[in-house]
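One structure below.
In the text below, chain A, chain B and the rest are named by the order of the sequence lines, each starting its count at 1. What's counted below: heavy atoms across the whole structure, side chains too, no hydrogens, waters or symmetry copies.
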Number of protein chains: 2
Amino acid sequence: MLKEERFRLILDRLVHDQKVYLAGLSTLLNVSEDTIRRDIKELAEQGLLKSVRGGAVPHSPGPHRFKDRILHDTEQKQIIAKKALEFLKDDQVVIFDGGTSAVLVAQLLPKDVHLTVVTNSFPVATLLEEHEHVEVLFAGGRLLKNSFVTIGNDTIQFLKKFRADICLLGICSIHAELGVTSPNFEESEVKRVMIESSKEIIALATVEKLETAEAYYVCPTDRLSVIITDQLAEDEAFKVYTELGIKMA
Amino acid sequence: MLKEERFRLILDRLVHDQKVYLAGLSTLLNVSEDTIRRDIKELAEQGLLKSVRGGAVPHSPGPHRFKDRILHDTEQKQIIAKKALEFLKDDQVVIFDGGTSAVLVAQLLPKDVHLTVVTNSFPVATLLEEHEHVEVLFAGGRLLKNSFVTIGNDTIQFLKKFRADICLLGICSIHAELGVTSPNFEESEVKRVMIESSKEIIALATVEKLETAEAYYVCPTDRLSVIITDQLAEDEAFKVYTELGIKMA
DNA sequence: GTAAGTTTTGCAATATCCTGCAATATTTAT
DNA sequence: ATAAATATTGCAGGATATTGCAAAACTTAC
């Protein structure tokens with residue numbers, strides 16, 4: 001069997017299944033795992049797939065690269081994202097935060113809305129690239145490893161230029177008294193500027209984020225206009241926020 | 001048996017089976033494997049198939065929609081990208097242009113190099129995101145539809161801050177007298193700033209780009225340090241550039 | 001931490017490829 | 001038609017590539 005036959009089969013399975021395992025290919029093709037491993041390495045060098053531990057996954061630049069991480073997003077966040085869409089009106093200027101929640105909103109955004117989107121998130125930008133009526137303004141800066149967002153002074157200076165209608169803010173922790181907090185200093189700084197640059201703040205938070213706190217302060221709770229969660233129970237926690245004048249959705 | 005008969009049969013089997021083996025053809029046609037090998041070599045030179053170890057496969061495989069439509073992922077550009085890698089040394093500051101050629105370089109970049117990369121290209125940034133020792137500085141700005149790069153004043157102002165060692169510049173057109181040109185005004189402006197901000201310019205251009213011109217001027221030809229092409233024929237065009245003090249690779 | 005699984009590296013066995021050469025077939029020039 | 005030039009073919013060898021194995025280094029999950 002030619003090496004190229006193996007290549008083709010590997011790539012075909014990859015297109016079909018979105019993943020391949022070393023062990024499976026080894027038995028299927030009757031060669032050692034080492035050989036498959038070397039094949040995958042070679043294909044990866046050509047940029048035709050991405051080698052990962054135990055196998056390989058498709059690898060093409062553009063939006064598809066983010067599919068993996070979006071996949072293990074929960075139903076909760078889907079619910080939140082759908083609710084968030086209702087707050088976006090045509091011709092608004094919207095700041096998209098870099099978190100996964102905001103990415104989901106970008107993913108679900110209908111193709112026909114007219115928006116100006118400001119973001120520091122690569123997934124958001126690439127997802128919106130093909131929306132004909134969405135102008136994307138991307139905040140440059142230093143690329144933060146493992147999170148596909150830019151941070152740093154350049155990012156902040158860029159964001160300061162805007163006066164957006166809405167900011168979609170992914171929330172790590174929120175507490176009625178301690179306010180919104182984040183576990184990463186530089187991200188917290190960026191979030192703070194996003195908030196300063198927006199009239200209304202839409203917070204996206206799964207219920208377990210409510211009434212928790214992290215190390216770095218972002219903004220007081222009453223700066224938020226709306227908190228969108230996946231459940232709408234009428235429990236104590238909700239009353240606290242409602243009394244602060246925040247709309248729960 | 002005529003050589004041409006063998007050729008026909010080899011190509012027929014190739015269309016039918018998507019592969020041929022040296023051994024199989026040898027017994028089938030009653031000639032030595034060496035003869036088949038030479039036949040295949042000759043057919044490969046005519047571009048009618050691709051010679052591989054142990055046999056041959058079709059030159060442009062049928063159901064291989066895997067090749068990106070974003071990247072015109074031709075062998076030419078692969079060759080160019082590989083050559084370009086040799087110019088990148090550890091601890092340099094490198095500006096990556098947004099074109100497909102530069103993306104391929106990013107794709108092929110080994111994981112262990114230490115670099116600071118400045119770019120306005122989303123694919124370049126996301127590809128390098130997982131390189132542990134590559135710091136990515138992304139130029140913000142307006143996202144240009146259908147090309148995954150940022151453009152505009154913000155992009156330009158960001159790029160102006162740097163004094164890079166090298167700029168990897170994808171070339172649309174180059175002409176010894178008319179210089180480097182581009183078909184898109186805003187992209188040409190960005191390229192111009194990238195050049196201003198770099199000491200050495202490495203131009204990435206397939207041979208058919210040589211001695212052609214487009215509407216928007218980027219820089220004079222002798223501003224380039226190296227032109228990397230997929231072929232290194234010693235023809236007239238090359239001499240022109242060499243006489244300008246440009247290294248051809 | 002440990003243990004299980006995975007990747008990397010070096011190595012040896014095998015297969016394939018390239019080169020030069022000699023024998024034969026084919027073409028060309030006279 | 002004949003000799004010389006050219007092309008084709010098979011073969012021997014040394015060079016190169018591929019493959020599987022095993023030990024060591026590394027990851028991951030618990």
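Residues satisfying the side chain to side chain contact (heavy atoms under 4.5 Å, CB included) criterion with A:Thr27, sequence neighbours excluded, are absent altogether. Looking at residues two or more places apart in sequence or on another chain, you find a salt bridge (Lys or Arg N to Asp or Glu O under 4.0 Å) between B:Arg6 and B:Asp39. Scanning for side chain to side chain contact (heavy atoms under 4.5 Å, CB included) contacts around A:Leu108 gives A:Gln78, A:Ala81, A:Lys82, A:Leu85, with sequence neighbours left out. A:Arg13 meets the side chain to side chain contact (heavy atoms under 4.5 Å, CB included) test with A:Leu9, A:Asp17, A:Val20, A:Leu25, A:Leu28; sequence neighbours excluded. Remark: B:His133 engages B:His114 in a side chain to side chain contact (heavy atoms under 4.5 Å, CB included) (not counting sequence neighbours). Residues meeting the side-chain hydrogen bond (donor to acceptor under 3.5 Å, both in side chains) test with B:Lys3, sequence neighbours left out: B:Glu42.
Rounding to whole angstrom units, CE of residue A:Met1 and C1' of D:dA17 are separated by 18 Å.
Checking A:Asn30 against B:Val31, the closest nucleotide of DNA chain D that is more toward the 5' end is the one next to B:Val31.
Each of A:Val52, A:Leu49, A:Leu48, A:Leu14 was scored for a side-chain contact (heavy atoms from CB on, under 4.5 Å) with A:Ile40, with one residue passing: A:Leu49.
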Throw together a table of side-chain donor-acceptor distances under 3.5 angstrom for residues 171-182 of chain A, partners on residues two or more places apart or in other chains.
residue: A:Ser173; atom: OG; partner: A:Thr212; partner atom: OG1; Å: 3.1
residue: A:His175; atom: ND1; partner: A:Glu177; partner atom: N; Å: 3.1
residue: A:His175; atom: ND1; partner: A:Leu178; partner atom: N; Å: 3.2
residue: A:Thr181; atom: OG1; partner: A:Glu214; partner atom: N; Å: 2.7
residue: A:Ser182; atom: OG; partner: A:Asn184; partner atom: N; Å: 3.1
residue: A:Ser182; atom: OG; partner: A:Asn184; partner atom: O; Å: 3.2

Any N/O pairs under 3.5 Å between the protein and nucleotides 5-8 of chain D? List them or say none.
residue: D:dT8; atom: OP1; partner: B:Lys3; partner atom: NZ; Å: 2.7

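Remark on the helix from C:dG1-D:dC30 to C:dT30-D:dA1: inter-end axis angle 50°, axes from five-pair C1' superpositions, rounded to 10°.
Identified under the salt bridge (charged side-chain N to carboxylate O under 4.0 Å, His left out) test for residues 179-189 of chain A, with sequence neighbours left out: A:Arg142-A:Glu186. Judged as a ring pair (Phe, Tyr, Trp, His ring centres under 6.0 Å), not a single pair has a partner in residues 5-32 of chain B (not counting sequence neighbours).
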### Query
When you check every protein heavy atom under 4.0 Å of nucleotides 6-20 of chain C, what one-letter string (B, S, -) results, 5' to 3'?
SBB------BBBBB-
